Amino acid sequence: MSVDVTGRCLCGAVAFRAKAATHDVSVCHCGMCRRWTGGPLMYIDVEGTPSFAGRDAIGIYRSSDTGERGFCKNCGSVLFWKVAGAERYALTAGSLDAAEGLTFTKEIFIEDKPPFYDFANATEKLYGSDAMAVYTGTGDEPK
Ligand SMILES: [Zn+2]
Ligand SMILES: [Zn+2]
């Protein structure tokens, strides 16, 4: 059952609405996400392109060959990671308006997690290469 989600940045210049296929929240421990957010990135995968209000306030940073990162140019809130050149988005869980029903189920780039924290949730843990293969279409969807 898909879920409608809404969210916004801290200052409210950017808001979005999207459809998520599941209630699953994932965490990325990779060095780029940690530098970008100041901690591990919590996100939900959504279907297609979110509908954005305040699109002009969205800045895009191309962080790698495969990924782009969207943020609010006014307040700096991190809003999404997306596959470069494709309409495949992961929205930051912290920017969502409501967290009802969301479940933290997966951790990716587990090999890059620094030793100073661990999550107590029971999650599926994936290596970065396996997780990225799903986004770039060279691997199977995780169960
Ligand atoms: Zn903002
Ligand atoms: Zn990452």
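Every number for a ligand or one of its atoms is a count from 1 in the order of the listing. Remember, predicted model here, so these are calculated numbers, not experimental data. The analysis underlying the following values was restricted to heavy atoms, covering all of them including side chains, and did not include hydrogens, waters or symmetry mates.
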Check: [Y] main-chain N/O paired with [X] side-chain donor or acceptor under 3.5 Å:
| X | Y | result |
| --- | --- | --- |
| Arg62 | Ser64 | yes |
| Thr37 | Gly39 | yes |
| Arg34 | Asp112 | yes |

Should Lys106 and Glu124 count as an ion pair when the cut-off is N to O under 4.0 Å? no

Within a strict 2.8 Å cut-off of the Zn ion (ligand 1), protein N/O/S atoms tallied 4

Under 2.8 Å: N/O/S of His29 next to the Zn ion (ligand 2): no

Among Phe52, Phe71, Tyr61, whose ring pair (Phe, Tyr, Trp, His ring centres under 6.0 Å) with Phe80 holds? Phe52

Taking salt bridge (Lys or Arg N to Asp or Glu O under 4.0 Å) as the test, write out the residues that go with Lys73, two or more places apart. none

